[in-house]
Amino acid sequence: MTPPTLEVRNLRTHFFTRAGVVKAVDDVSFTVERGKVLGLVGESGSGKTVTGFSILGLVDPPGRITGGQILFKGTDLATLSEAQMRDLRGNRIAMIFQDPMMTLNPVLRIDTQMIETVLAHARVSRAEARQRARDALGQVGIPSPEERLAAYPHQFSGGMRQRVAIAIALLHKPDLIIADEPTTALDVTIQGQILAEAQKLCTQYGTALIWITHDLSVVAGLADDIAVMYAGKVAESGPVSEVLDAPLHPYTRGLIGSVPSRNHRGAPLSQIPGMTPSLLNLPPGCAFRARCPRAEARCAEPPPFAEYLPGRHARCIHPHLAEVAAA
Amino acid sequence: MTVFLLRRLLQAVGVVLAMSLLVFLGVYAIGDPVEILISPEADQIERERAVKALGLDLPLWQQYLVFLGRALQGDLGRSFVFNEPALRLILQRMPATLELAFGATIVALLIGLPLGLYAGLRPKSALSQGIMAGSILGFSLPTFWVGLMLIMVFAVQLGWLPSTGRGETVEVLGMRWSFLTRDGLAHMAMPALNLALFKISLVIRLTRAGVRETMLMDYVKFARAKGLSPARVTFVHVFKNILIPVVTVVGLEFGGTIAFSVVTESVFAWPGMGKLIIDSINVLDRPVMVAYLMIIVLLFITINLVVDITYSVLDPRVRLEGKA
């Protein structure tokens with residue numbers, strides 16, 4: 001049996017700041033199979049992006065991966081040298097960043113930024129690299145790619161820049177793409193096109209995708225599985241339709257309730273009271289308990305990340321099992 | 001681009017006119033050259049003849065117009081002291097100052113950029129802390145003292161380098177240059193280093209600040225996520241972005257160096273423009289002072305233009321348009 005494209009086990013990434021240890025990622029586990037999409041969901045500051053950077057080995061000091069394993073196609077990335085990691089980055093594992101206005105270097109032409117990516121991982125001529133760059137631009141729907149290659153980033157709109165960033169990620173047909181809120185800064189129509197592009201990619205090349213977002217509707221339409229993060233931990237994970245229809249964790253339930261929908265038009269939106277806790281010196285026990293309607297004394301103990309239903313994990317001692325059974 | 005250049009040219013004419021008026025008035029205000037130039041024993045008739053010959057009998061505004069009219073024909077007056085055209089006097093000394101300023105700027109970039117880059121990339125290392133401490137010394141040590149120390153160590157005690165003059169020169173394009181001969185270069189080494197000291201510190205600090213800022217940018221992280229080598233990330237992605245502030249400051253500093261390298265030129269007896277202007281001020285040689293200041297104005301205008309054009313080469317977002 002071939003190992004999954006990516007398996008993250010009990011990943012911990014901590015930042016050792018002067019004010020104390022920030023546990024940005026604290027015991028995160030998930031698996032992404034070949035050609036599948038994992039939606040990594042959570043509020044700002046829940047550790048989604050740091051999880052992405054941890055996989056790429058791009059956590060900058062004072063941050064450090066302090067525990068757990070990242071298995072890429074069965075290989076533990078911690079055992080690789082920096083040179084071997086560099087060879088994976090942009091080649092087998094690519095990342096797309098959140099803000100398309102900031103990801104391209106403003107003083108370098110598009111062709112420079114694409115060709116250097118090709119040449120970093122493939123022994124081909126410059127002309128061949130340029131050809132690949134042009135093909136990739138065409139693939140993401142940029143009109144007249146030949147002319148666009150000679151342009152600078154500021155001559156593109158935000159949506160176009162994100163397409164360029166995606167084209168760069170596609171250059172080597174990677175096994176895994178980590179997309180960090182790639183459509184948050186874009187119009188809904190552009191967002192739709194980019195989502196369709198991503199889906200095509202997964203089916204065509206068997207690329208696995210981690211789609212980091214806080215937009216549940218995007219996850220509902222795109223992902224196969226979902227992992228909901230809260231305060232550096234995975235609160236709940238499972239197949240996307242099951243989790244969204246009948247969440248186990250009270251936090252997931254609150255998150256879904258906060259999404260405005262046409263069904264409850266006019267009715268007041270339900271909110272999660274309070275705000276996300278500071279990751280600095282987080283007290284033991286369930287991080288959500290201060291905001292949880294079901295909290296009780298036992299929640300001060302760290303809850304286990306348990307499999308309550310086949311394929312469905314939750315970090316909660318009193319999950320909404322009755323509601324799941326009713327659904 | 002053409003519109004931009006034309007507009008710049010018009011602005012330059014305005015600046016030069018305004019400057020000429022200011023310089024003329026200012027120089028007029030500092031004293032009467034007649035007192036210094038004409039021997040005290042001269043009688044009244046001789047005195048008046050001399051004043052007339054120098055054109056000092058006319059009212060100030062007429063003197064200014066005469067000066068302006070001649071200046072348009074490339075004649076900035078004759079030196080009272082040397083009885084030579086002021087412009088020629090200055091131009092004779094210009095190569096010495098120019099090559100010294102260029103030398104100092106090149107030294108500053110060659111030393112400042114790598115050190116600043118290192119200090120920016122490894123801000124916590126002991127070497128970086130040392131570099132930054134050294135740059136404070138470079139800012140604060142007075143030029144004349146460092147110059148004297150250099151002479152003490154390298155000329156007097158070690159005897160490695162000559163302490164005064166330009167050494168052997170070669171004539172190219174009708175001007176004498178030192179940097180083309182070994183001996184000339186040896187003579188240039190100490191004054192250039194002395195003049196560069198402040199600039200090195202400046203370039204180090206600018207480069208370090210630029211690197212620290214740029215390293216945090218998303219596009220640098222993205223470049224790393226593309227699997228590029230650290231060398232490529234540093235020298236292509238970071239370096240090109242930090243050049244703009246460096247070019248600005250080094251450009252302006254360059255003008256300052258040419259105009260005001262008086263101290264270094266005096267310490268090393270370097271026969272450049274700085275020494276000429278100090279001597280001229282001492283004897284109130286008005287035409288030379290005026291001509292010198294006019295040339296400096298032109299120089300600054302030119303440097304600013306070159307800096308602006310360099311921007312557009314370095315940063316594609318800068319477009320040189322005809323807009324004000």
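Chain identifiers are assigned alphabetically (A, B, ...) following the order of the sequence lines, protein sequences preceding nucleic acid strands; residue numbering begins at 1 within each chain.
In terms of heavy-atom proximity, B:Pro191 sits nearest to B:Trp270 at CG-CE3, 4.1 Å.
Each of B:Ile244, B:Asn241, B:Val220, B:Thr214 has some count of heavy-atom pairs under 4.5 Å with chain A, and the biggest count is that of B:Asn241. Considering only heavy-atom pairs separated by less than 4.5 Å from chain B, the leading option among A:Arg89, A:Gln98, A:Gln113, A:Glu116 is A:Glu116. By number of non-hydrogen pairs under 4.5 angstrom with chain A, the leading residue of B:Arg224, B:Met217, B:Lys221 is B:Lys221. The candidate from A:Pro106, A:Ala169, A:Pro153 with the greatest count of non-hydrogen atom pairs under 4.5 Å with chain B is A:Pro106. Interface remark: of the candidates A:Ile168, A:Asp99, A:Leu56, A:Asn91, A:Ile168 forms the most heavy-atom pairs closer than 4.5 Å to chain B.
At a cut-off of 3.5 Å, with distance as the only test, no side-chain donor of A:Thr5 or A:Lys36 sits close to an acceptor on the other residue. Defined by atom type and a distance below 3.5 Å, a donor-acceptor pair is missing between the side-chain atoms of B:Thr105 and B:Glu253. A:Thr49 and A:Asp180 share a side-chain donor-acceptor pair at under 3.5 Å. With 3.5 Å as the limit, one finds a donor-acceptor pair spanning the side chains of A:Asp135 and A:Gln131. In this model, no donor atom of one side chain and acceptor atom of the other lie less than 3.5 Å apart for A:Thr51 and A:Ser54. A:Glu43 and A:Ser46 share no donor-acceptor pair across their side chains, judged by distance under 3.5 Å alone.
Proximity to chain B is limited to the side chain of A:Leu108, based on heavy atoms less than 4.5 angstrom apart. Both the backbone and the side chain of A:Asn105 come within less than 4.5 Å of a heavy atom in chain B. Interface remark: A:Glu82 contributes no atoms to any contact with chain B (heavy atom separation under 4.5 Å). For A:Ala165, the parts lying under 4.5 angstrom from a heavy atom of chain B are both the backbone and the side chain.
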